[in-house]
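Have a look at the structure below, then the notes.
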Number of protein chains: 2
Amino acid sequence: MAYRPTERTEARRIAARERVVAAARELIAAGGYRAASVAAVARRAGVATGSVYRHFPSKADLLVEVFRRASQREVDAVAAALAEGGVAAGVETFARRALRGRRLAWALLAEPVDPAVEAERLAFRRAFRDAFAAALPAHVADRELAAAALVGAVGEALVGPVSPTGAGHDEDALVAALVAFALRALSQEEPVPC
Amino acid sequence: MAYRPTERTEARRIAARERVVAAARELIAAGGYRAASVAAVARRAGVATGSVYRHFPSKADLLVEVFRRASQREVDAVAAALAEGGVAAGVETFARRALRGRRLAWALLAEPVDPAVEAERLAFRRAFRDAFAAALPAHVADRELAAAALVGAVGEALVGPVSPTGAGHDEDALVAALVAFALRALSQEEPVPC
DNA sequence: GTCTATAGAACGATAGAC
DNA sequence: GTCTATCGTTCTATAGAC
């Protein structure tokens, strides 16, 4: 009789795959992409090195999946904050989550990585932009542009503080400055030349 | 007697190297990193494919040099505009140069590329940040943070318009919106919640 | 009995230590 | 510059599910 996967073996396969993804996420959150070698991921997941390739065609594919899931978590959290408390809450949530998990934030925002993952990073920023665009005050004219500028501003301002070489920052002061920057940028005031 | 390079051969070597760099820049400016295969670069530079590796240890090293030079040009132009006309002029120069050379701007700002070049992109953004920080109005408190936010805002807002899949935009309207965004963000107004 | 999934060593390439 | 360690990936034998 030919071999056919059953519910039981399928569940095992999925569980092993999940362990691999979780192990990679944890390693990246602790030490960035450098720490997530295939051997290290396999060891932490409790599978053999070669077995990683039964679940993912390449390491890049694994990283893409890990990146996609982690970034989706961030987008969801920010979108929820935006719906609850508007732009200020969205910016604050974005920044506080990044500062609380600096190493992961660095991996998501700026750490150099395989181009396949970089492409995912573009999608990640687009998702943030769309979330902010939906929450902008009504008077804003080009909402997509303003939302992109906002995401770029917050993201880039955080790159320094979350970078491994970055000095320690006062979290509250940083968040306050970022929120103020965003609210001023979105205000209806006539801009004054400087 | 052992071979020793003369002035003449050294000049030839440098000239050939420059042609390779120029060819790579032109190909990237026309079709992004995809268009800059080593074979295509060599053909355009008028050298043999293998000769590229006489000047650069790897393709990544060549790309890093091209990226560094191209990004330095942009930083210099923006820094000059900042010194001449302040933040508004700096933002306008940044945006207009990007929109005039969209494909190159895309390559510099966002196109997924080898991690070695990504590292250069981080330096590129830091250089922009420092240039803006030096030109901020005196009342701005955390100048480094504000400058980073500004660079992120302008850069990210341009990613859509300069992307190969991006629709056509009204350049003047885009520039005006970006300058206004920046000036409001840097104003002394008390931010109003939204 | 037939076939898959897994483990773990082996391989060529490369990056970092010295 | 040389060398070693480690990387991503592939291969082969085996255990186990059907």
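Computed from a prediction, not measured in an experiment: that's the story for all the values here.
Taking atom CZ on A:Arg43 and atom C1' on C:dA9, their separation rounds to 15 Å, with Å as the unit. With rounding to whole Å, A:Leu63 atom CG is found 14 Å from D:dC7 atom P. To the nearest angstrom, P of C:dT6 lies 13 Å from CZ of A:Phe56. Taking atom CG on A:Leu62 and atom P on D:dT9, their separation rounds to 10 Å, with Å as the unit. Between the C1' atom of D:dC18 and the CZ atom of A:Arg8 lies a distance of 12 Å, rounded to the nearest Å. The CG-C1' distance, from A:Asp114 to D:dT9, rounds to 14 Å in whole Å. At whole-Å resolution of the value, OH in A:Tyr33 and P in D:dT6 are 24 Å apart. One interatomic measurement links the two molecules: CG of A:Leu27 to P of D:dC7, which rounds to 12 Å at whole-angstrom precision.
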Notebook entry, point to check: salt bridge (Lys or Arg N to Asp or Glu O under 4.0 Å) between B:Arg68 and B:Glu65: does it pass, once the steps are laid out?
Noted result: CA-CA 5 Å; B:Arg68 187 176 291 151; B:Glu65 174 143 348; 5.9 Å; no
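Considering only the side chain of A:Tyr53, D:dT9 comes nearest among C:dA7, D:dT9, C:dT6. With C:dT6, D:dT9, D:dA17 as the candidates, the nucleotide lying closest to the side chain of A:Thr9 is D:dA17. Closest approach to the A:Lys59 side chain among D:dG8, C:dT6, C:dA7 is made by D:dG8 (side chain taken as heavy atoms from C-beta onward).
Across the interface with DNA chain C, nearest-nucleotide mapping of A:Val47 and A:Arg34 shows A:Val47 to be the residue nearer the 5′ end. For the pair A:Ala36 and A:Arg54, nearest-nucleotide mapping onto DNA chain D gives the more 5' position to A:Ala36.
With hydrogens and angles disregarded, no donor-acceptor distance shorter than 3.5 Å links the side chain of A:Arg125 to the backbone of A:Gly152. Checked by atom type and distance alone, the side chain of B:Arg73 never pairs as donor or acceptor with a backbone atom of B:Ala70 at under 3.5 Å. The backbone N or O of B:Pro137 sits less than 3.5 Å from a side-chain atom of B:Arg143, completing a donor-acceptor pair.
Side-chain N/O atoms of A:Thr49 include none lying less than 4.0 angstrom from OP1 or OP2 on C:dG8.
Using a 4.0 Å heavy-atom cutoff across all strands shown, A:Ser58 reaches sugar-phosphate atoms only and no base atom. Nucleic acid contact for A:Ser37: sugar-phosphate only, since backbone atoms but no base atoms lie under 4.0 Å from a heavy atom of the residue.
A perpendicular orientation is assigned to the rings of A:Phe124 and A:Phe67, their planes being inclined by more than 60° (bins at 30° and 60°).
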